[in-house]
Amino acid sequence: MPGMSTRSEVASLVEEAKRGAVALATELTSALERREVDRAASLMLAGIVLGQPPTAAQVLSVLPDVPDPASFALLAANAAGDRLEMLLGLLEQDKLADDRDTLALLLATELVGKETPPPRLVAELRERARRQVGWDAVPALAAAAAAVKDAETYRIDAELKAQAADATRARDSLRKQLSGPLLEQLPETAGAGPAITVQRQAPKVGRNEPCPCGSGKKYKRCCADKDAEADAATDPAERLRSVAAQLAPAHVAKLRAPELLKLDLAALRPDALAEAYLRLVDFHRWEEAERVLDAIALRTDMPGGRTGDDYRLDYIDIAVGYRYLEGADRQKAKLADPKRLHPAVALGVELLRTDEPNLKRADDIAERALRDPDGPDSIELAYSILARYPGLGILVARGALSEKRAKDSERLLEEVADARERLGLPGDDLGWDTFDALLKRRLELRARLRLDAASTKERDELVQKAEEAGSRIAELEERLAEARASETANAAGPAPSSSDDAERRRLKQKVAELKSQIASGNEERLTLRRSLADLSEKVAEPARAEAPRAAAEAAVEEGDELGDEDRPRALLVPEFGRGAVDSLDELPSRVARDAVMKAAELAAGNESAWRDAKKLSRIAGLFSARVGIHHRLLFRVTGRALCIEEVVPREGFDAALRRRQK
């Protein structure tokens, strides 16, 4: 990586310092002021070799951006001052990638040694276990868990115990690195620069084409080598600045924070600028993200028509959640329309500022939430209180859960888990049970509403038929009255002739037919009324009619607990079928990512993942596993393969099984 501290570079600085050619302390102060992280790291390492270690505060200012893990460990382990406090502060800032994050955690446990670990360290360990870090970070995490021996950590991720061998190797490697001569632990050469490829601004010249300089020679025999040397000598940051306008979001996602800030932000494409902001926020680089926000505020072409205020409001909300008052205050002051700031978020800012409870403001928002249960007030209020008063916030969050805002509620429960860890409590909260019950009730209600809608339609059709039957009966009775009047008049007249006898017989026959039709109509109307009565009974007690079916569906979804014979004995290779790929494409990116991670955990034999899996009794060989709250992963185990068939929403689970039974 550009600027990585190499063995030769640090050794050269050591020799220069010995000769008095460079004053390490002065140079370090200057490098830190200019935010030259790589130069500052090399100067610090040289100081450690000479017995002039940097302070913990100086090391902390560069650790998030040190690209080499060896330099990271050596700086953290050799800083002057309270190194454990420095590492805990770094972990709480959550600015590191997983591999560096768990390395800092392991370093902290090494500093604690055999003493009782502080609650802050245990809370950070539990958070990493719950987060499910990347594979490259697991050995260090397992080593830290083994050092702390916290039962709750192993409950969160029981697989960590199975990583004992990798954990031992990670710990032994770190100890060997820290105990040996510092210079020998550094890489001999710097790695490659950022792994990005952008289109050349000038047309590429073929090696056998005429050289553009006009010499008449082929390019390979003229300027090719000179141009290659010039490209190699170009400063990577300068090269990035020169191609800023060509960078796509994928390019930006590969850059470190110092490299992002060397870009010409004004020249970035709108989507690349948005990616720069998101990347900095993801790593909690608050001040750097604010610089990008200032650049966004000058633009009118951001994706989705979003404005500077939209991004600032997003930042304030996140800053409150991470208890970063200074940044929230700065962006609040820069809002073009302060009225857009949600009252609950504004309250969250004030709660960070003072210990006064602001109960009146909180009660006003709570009252408004009660009047509008489907609005955002209750969940926003819970977020704001959780940030400053986690115990109270957990109780408020439980009351804010809503099946109508399922995704928001799920994210809120994740914040509750963080708050519980800050309090040293087990991660699972009663709110999950409440939320599951709310979702179940909503599914039953939807089924009931579907029944009611069908019943209402059927009732309307029956009523219409009854009204039509009544109209026909009324018409028949009117015609019968006319026929009877004609029959009576005919009977009261003079002696009948043969033709009169025929007319009288016709009238009698007509009267008989009309009576028969009226009787049939009355019977039809009676049948319709009975059907209406039966339907009314059905609608009056929908829960009774629906409960057995809903319970049966729930039983099918849950399935049977797995026995030892159902769990794999070796690693499996995940295979995604066509149905799985198609279903992933239709899911939100976060859900799709979680589904792929769940498949990887199952394939790797993760005990907690298999503990949550179910064997479906209706279809032989088919298993299901939860993906979050709302989705299920359907899969089979065939030999050494974990065959993923589909990822389905929970409400579509039964339909997916019926398709497989056909």
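Since the model is a prediction, treat every value here as computed from it, not as a measurement.
Of the possible polar contacts, one joining the Asp309 side chain to the Asp337 backbone as a donor-acceptor pair under 3.5 Å is found. Between the side chain of Gln58 and the backbone N or O of Thr55 there is at least one donor-acceptor pair closer than 3.5 Å. In this structure, the side chain of Ser384 engages the main chain of Ala344 through a donor-acceptor pair within 3.5 Å. Side chain of Ser12 to main chain of Glu9: no donor-acceptor pair is present (N/O by atom type, distance under 3.5 Å, no hydrogens or angles).
Checked against side-chain hydrogen bond (donor to acceptor under 3.5 Å, both in side chains), Arg19 has no partners two or more places apart in sequence or in another chain. Under the rule for a side chain to side chain contact (heavy atoms under 4.5 Å, CB included), the partners of Val345 that lie at least two apart in sequence or sit in another chain are Ile316, Asp317, Val320, Leu341, His342, Glu380. With sequence neighbours excluded, the residues satisfying ring pair (Phe, Tyr, Trp, His ring centres under 6.0 Å) with Tyr277 are Tyr311. Residues satisfying the side-chain hydrogen bond (donor to acceptor under 3.5 Å, both in side chains) criterion with Thr29, sequence neighbours excluded, are absent altogether. Partners of Ser173 according to the side-chain hydrogen bond (donor to acceptor under 3.5 Å, both in side chains) rule, which considers only residues two or more places apart in sequence or in another chain, do not exist here. Residues meeting the ring pair (Phe, Tyr, Trp, His ring centres under 6.0 Å) test with Tyr315, sequence neighbours left out: Trp286. Taking the side chain to side chain contact (heavy atoms under 4.5 Å, CB included) definition, one finds that Ala137 meets it with Asp98, Thr102, Val133, sequence neighbours left out. Judged as a side chain to side chain contact (heavy atoms under 4.5 Å, CB included), and not counting sequence neighbours, the contacts of Glu326 are Tyr324, Arg330. With sequence neighbours left out, the side-chain hydrogen bond (donor to acceptor under 3.5 Å, both in side chains) criterion links Arg169 to Asp166.
In this structure, CZ on Arg7 lies 8.5 Å from CD on Gln185, to the nearest 0.5 angstrom. Interatomic distance, CG of Leu413 versus CG of Asp418, reported as 11.5 Å (0.5 Å rounding). We find the CZ-CG distance between Phe283 and Asp101 to be 9.5 Å, quoted to the nearest 0.5 Å. Put simply, CG on Leu183 and CG on Leu45 are 8.5 Å apart, with the number rounded to the nearest 0.5 Å. With values rounded to the nearest 0.5 angstrom, Asp68 atom CG is found 10.0 Å from Thr6 atom OG1.
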Could you give me the CA-CA distance, side-chain angles and deciding distance for Leu186 and Leu74, then say whether side chain to side chain contact (heavy atoms under 4.5 Å, CB included) is met?
-> CA-CA 9 Å; Leu186 297 176; Leu74 292 167; 3.9 Å; yes
Carefully, step by step, assess Thr307 and Asp310 under the rule side chain to side chain contact (heavy atoms under 4.5 Å, CB included).
-> CA-CA 5 Å; Thr307 66; Asp310 291 323; 3.2 Å; yes
Check the pair Leu63, Arg100 against side chain to side chain contact (heavy atoms under 4.5 Å, CB included), reporting the backbone distance first and the verdict last.
-> CA-CA 9 Å; Leu63 276 182; Arg100 226 50 61 82; over 6 Å; no
Determine, step by step, whether Leu103 and Leu174 satisfy the side chain to side chain contact (heavy atoms under 4.5 Å, CB included) criterion, reporting the C-alpha distance in whole Å, the side-chain angles of both residues, the deciding distance to 0.1 Å, and the verdict.
-> CA-CA 9 Å; Leu103 176 56; Leu174 176 63; 4.1 Å; yes
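Side-chain contact check for Leu313 versus Gln331: every heavy-atom pair is 4.5 Å or farther apart. In this structure, the side chains of Pro69 and Asp99 stay at 4.5 Å or more apart for every pair of heavy atoms. No side-chain heavy atom of Leu87 sits less than 4.5 Å from a side-chain heavy atom of Leu60. With a 4.5 Å cut-off on side-chain heavy atoms, Leu24 and Met44 do not count as touching. With a 4.5 Å cut-off on side-chain heavy atoms, Leu75 and Ile48 count as touching. Looking at heavy atoms from C-beta onward, Gln93 lies out of side-chain contact with His284 at the 4.5 angstrom threshold. Side-chain contact check for Leu263 versus Leu255: some heavy-atom pair is nearer than 4.5 Å. Using a 4.5 Å cut-off on side-chain heavy atoms (C-beta onward), Pro64 and Arg285 make contact.
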Which side-chain N or O atoms in residues 30-37 pair as donor and acceptor under 3.5 Å with protein atoms at least two apart or in another chain?
from  : atom 1 : to     : atom 2 : distance (Å)
Ser30 : OG     : Arg34  : NH1    : 2.1
Arg34 : NE     : Glu36  : OE1    : 3.3
Arg34 : NE     : Glu36  : OE2    : 2.9
Arg34 : NH2    : Glu36  : OE1    : 2.8
Arg35 : NH2    : Glu288 : OE2    : 3.2

Pairs under 3.5 angstrom only: tabulate donor-acceptor contacts from the side chains of residues 292-302 to other protein residues two or more places apart or in another chain.
from   : atom 1 : to     : atom 2 : distance (Å)
Asp294 : OD1    : Lys334 : NZ     : 3.1
Asp294 : OD2    : Lys334 : NZ     : 3.3
Arg299 : NE     : Asp301 : OD1    : 3.1
Arg299 : NH1    : Leu268 : O      : 3.2
Arg299 : NH2    : Leu268 : O      : 2.8

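Under the 4.0 Å criterion applied to side-chain N and carboxylate O atoms, Glu275 and Arg279 are not assigned as salt-bridge partners. Using a 4.0 Å cut-off between a side-chain N of Lys or Arg and a carboxylate O of Asp or Glu, Asp65 and Lys95 do not qualify as a salt bridge. For the pair Asp271 and Arg269, the salt-bridge criterion is met [side-chain N within less than 4.0 Å of a carboxylate O]. One finds no salt bridge joining Arg306 and Asp314 here, because no Lys/Arg side-chain nitrogen approaches an Asp/Glu carboxylate oxygen to under 4.0 Å.
The stretch residues 77-91 participates, sequence neighbours left out, in these salt bridge (Lys or Arg N to Asp or Glu O under 4.0 Å) pairs: Glu85-Arg120.
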